[in-house]
A.B. asks: 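Structure provided below as structure tokens; questions to follow.
A, B, ... follow the sequence lines: proteins, then strands. Residue 1 opens every chain.
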Amino acid sequence: MTSIEVQDLTKEYGGKRAVDGLTFRVLPGRVTGFLGPNGAGKSTTMRLVLGLDRPTAGTATLGGRAYPTLREPLRQVGALLDAQAAHGSRTARDHLRVLAASNRIPDRRVDEVLEETGLASVARRRVRTYSLGMRQRLGIAAALLGDPEVVMLDEPSNGLDPEGIVWIRQLLRRLAGEGRTVLVSSHLMNETASFADHLVVLGRGRLLADTPMRDFIDARVQPSVRIRTSDPAALRSALARHGHDAVEHVDGHWTVHHARVDDIGRVASAAGVPVLELAAEEGTLEQAYFDLTSAEAEFTTQPQEA
Amino acid sequence: MELTPVLRSEWLKIRTLRSLPGALLGLFAATTAFSAIAGVSGTSDPGFDPLFTALSGVVPGQIAAVSFGAMAVSSEFRSGALRLSLAAVPRRGRWFAAKAAVIAVPALLVGLVTALAALLVARAGLGPAADGLGTGEQVRGVVGCGVYLMLMALFAAGLAALLRSGVATLSLLIPFILVVSFVIGDATGTVADFLPDKAGQLVLRETYDGTLGPWSGLAVTALWAAAALLAGAWSLRRRDA
């Protein structure tokens, strides 16, 4: 199986470093989420992997080979970079047939990916009549065309309707389950959390993290426990006795920080505190991400001029 | 990567964009129409050249050939299309060679048919005024005209790859063609003889004077086209997609 290897990769545009000494590997059999704010270098890295831009320094390879040396590359690597890339005057089917012909992929496969991406019924319509969501699906169809071992998608959920978002999540899980190497960039945290096993996080072109998603969250967000009781005084004193720091909320529930649900359950039970609700509150990817990138964000919100 | 699948893919691109076959149809229609008009217009001009009169529809008609070459390339320079094309065919030199081939062949074939049709309709109008034309001259005019139109399409294709824009290419070439043809006119013996369109159009004339002949004139146009294609290929290979 093929992995993506990025080694000391640097790309400068007019003296500005878009990608700065990146080293990481994307392994097969899992979905790797590629995170970072706009301008962090995610798309640039993907273009460098595809040999579309030339690196200032370093290498990007697929199973040890540079992309331009691949014979019939669409059969090994499928990529979605820009959903607007299809010419508006072509039909979706012709757009895919053009790509298929260059890599000797049979037209039968064109119809398969159109079916798979839900575009079969509109395949003979011109692309200019397509919504953004349909163009995204067409871009994904193009990426899947050669049945590739490596799939790289840049912001695939852009413009998809809720149904499409569920569909792409299932698709990514299935591709990874089939042992393929899947790299998906996004800036939507909840969305990424729903499909990624592993994360590569960039900030200002540099690597900020390359870890399993669960580890990434656990290392940055302390778990807490949500509890509700009919006897707040008893709960407060029981928690205080065990050294737990608890916050009461206006709607009556409490949050115990830096605690595990097993411990709090025992404490409440031992003290005879009536418990109405008890739940673990796990850290979210969003919390972990902001913890990591708060110091790294390149573009902060500027006041808009009217 | 083999060349044949790349050629097939590029040919499919030309066929599936309505505007490109449309431009070739426009080449045929405009050239034969202007030649037909030239055929029935007066022949009193002392410098009257029956072969050039019959094929003169090419002068305006070539704008369609130039547009065909420019648009076939410039369709790749719209939002991300080039990246998609080069991800499928990363060998850029090979890709551009295939692109040039699928521009050249249809432009040549349509150019030949167009030239033959233009000659026939114009001769119908010219009548006895064109009786002095020999077979060899007419064959040379028709073949040369087809080759000339192909070269102009390739010249535009190379420029479009260099400038990365069809609009820029056409706004450079169309005024250039019109200025050279109508302002400099029939004046010979200047450096204008070596301009791509002026040099190549010598092959359309029954008689010619000056340093260039019909085939050497066409060779000058071929050099221009080759230079534009090489510059386009160089830019394509050097720059980030």
Side-chain angles (χ1 to χ4, degrees), chain A residues 11-13 18 43-44 46-56 66-105 107 126-127 135 138-139 142-143 145-146 148 152 154, chain B residues 1-23 67-68 70-99 101-103 160 164 166 233-241:
Chain A
K11 176 67 181 177
E12 289 180 359
Y13 294 104
S43 301
T44 303
M46 287 188 169
R47 288 201 302 276
L48 290 165
V49 170
L50 294 172
L52 295 171
D53 289 12
R54 281 178 182 65
T56 307
Y67 187 89
T69 68
L70 298 178
R71 205 186 130 79
E72 299 179 343
L74 296 186
R75 292 171 177 271
Q76 292 161 71
V77 182
L80 162 68
L81 293 185
D82 183 351
Q84 308 299 333
H87 199 294
S89 304
R90 269 195 199 96
T91 67
R93 189 163 184 279
D94 282 341
H95 171 71
L96 294 176
R97 281 174 68 216
V98 162
L99 288 172
S102 65
N103 280 243
R104 295 194 307 174
I105 296 164
D107 279 0
R126 285 176 202 281
V127 174
R135 284 171 205 239
L138 180 59
L145 196 56
M152 280 200 300
D154 197 2
Chain B
M1 267 190 116
E2 292 164 36
L3 188 58
T4 318
V6 184
L7 281 170
R8 281 198 53 218
S9 166
E10 290 302 321
W11 173 230
L12 199 55
K13 276 185 193 168
I14 302 264
R15 272 178 38 205
T16 54
L17 274 192
R18 207 180 272 171
S19 56
L20 295 177
S67 304
F68 171 71
M71 287 191 304
V73 170
S74 68
S75 63
E76 299 284 351
F77 290 99
R78 317 165 65 250
S79 61
L82 184 67
R83 287 179 183 150
L84 197 60
S85 294
L86 293 181
V89 185
R91 304 275 299 272
R92 298 184 186 189
R94 186 161 300 199
W95 177 78
F96 193 58
K99 179 71 88 187
V102 300
I103 292 168
R164 308 194 136 209
W234 169 80
S235 158
L236 191 67
R237 291 175 64 107
R238 211 183 117 269
R239 293 175 68 171
D240 289 335

A.B. asks: Where is the tightest heavy-atom contact between B/Leu17 and A/Arg90, given as atom of each residue plus distance?
C.D. replies: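 Distance-wise, the nearest heavy atoms are CG-NH2, 3.5 Å.
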A.B. asks: Would you call A/Leu99 and B/Leu84 a side-chain contact if the rule is heavy atoms closer than 4.5 Å?
C.D. replies: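 In short, these two side chains touch, coming nearer than 4.5 Å.
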A.B. asks: Looking at A/Gln84, A/Arg104, A/His95, A/His87, which has the largest count of heavy-atom pairs under 4.5 Å with chain B?
C.D. replies: A/His87
A.B. asks: Restricting to non-hydrogen atoms, name the atom on B/Ala88 and the atom on A/Ser102 that form the minimum distance, rounded to 0.1 Å.
C.D. replies: CB-OG, 3.5 Å
A.B. asks: Considering non-hydrogen atoms only, spot the tightest contact between B/Arg237 and A/Arg54 and give its length.
C.D. replies: O-NH2, 2.7 Å
A.B. asks: Less than 4.5 Å apart, side chain to side chain, heavy atoms only: is that true for A/Arg126 and B/Arg18?
C.D. replies: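 Yes, close enough: below the 4.5 Å cut-off.
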A.B. asks: For the interface with chain B, which of A/Thr91, A/Asp94, A/Leu50, A/Asp53 has the highest count of heavy-atom pairs at distances below 4.5 Å?
C.D. replies: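 Most heavy-atom pairs within the cutoff with chain B belong to A/Asp53.
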A.B. asks: Hey, could you give me the CG/CG distance between B/Leu82 and A/Asp82, rounded to the nearest 0.5 Å?
C.D. replies: 12.0 Å
A.B. asks: Is there a side-chain contact between A/Ser89 and B/Ser19 in this structure, where contact means two heavy atoms from C-beta onward sitting under 4.5 Å apart?
C.D. replies: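 A side-chain contact under 4.5 Å is absent here.
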A.B. asks: Which heavy-atom pair separates B/Pro90 from A/Pro68 by the least distance, and what is that distance?
C.D. replies: CB-CA, 3.6 Å
A.B. asks: Select one option (side chain, backbone, both, neither) describing which atoms of B/Arg239 are under 4.5 Å from chain A's heavy atoms.
C.D. replies: backbone
A.B. asks: Identify the heavy atoms of B/Ala87 and A/Leu74 that sit nearest to each other, and give their distance.
C.D. replies: O-CD2, 4.1 Å
A.B. asks: In Å, rounded to the nearest 0.5 Å, how long is the span from CZ of B/Arg15 to CZ of A/Arg97?
C.D. replies: 6.0 Å
A.B. asks: Let me know if A/Arg75 has heavy atoms under 4.5 Å from chain B in its side chain, its backbone, both or neither.
C.D. replies: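 Contact with chain B involves no heavy atom of A/Arg75 at all.
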A.B. asks: For the pair B/Ser9 (side chain) and A/Val98 (backbone), establish whether a donor and an acceptor sit closer than 3.5 Å, ignoring hydrogens and angles.
C.D. replies: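 Such a contact is found between B/Ser9 side chain and A/Val98 backbone.
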A.B. asks: Which atoms of B/Arg78 come close to chain A, meaning under 4.5 Å heavy atom to heavy atom: side chain ones, backbone ones, both, or neither?
C.D. replies: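 Only the side chain of B/Arg78 comes within 4.5 Å of chain A.
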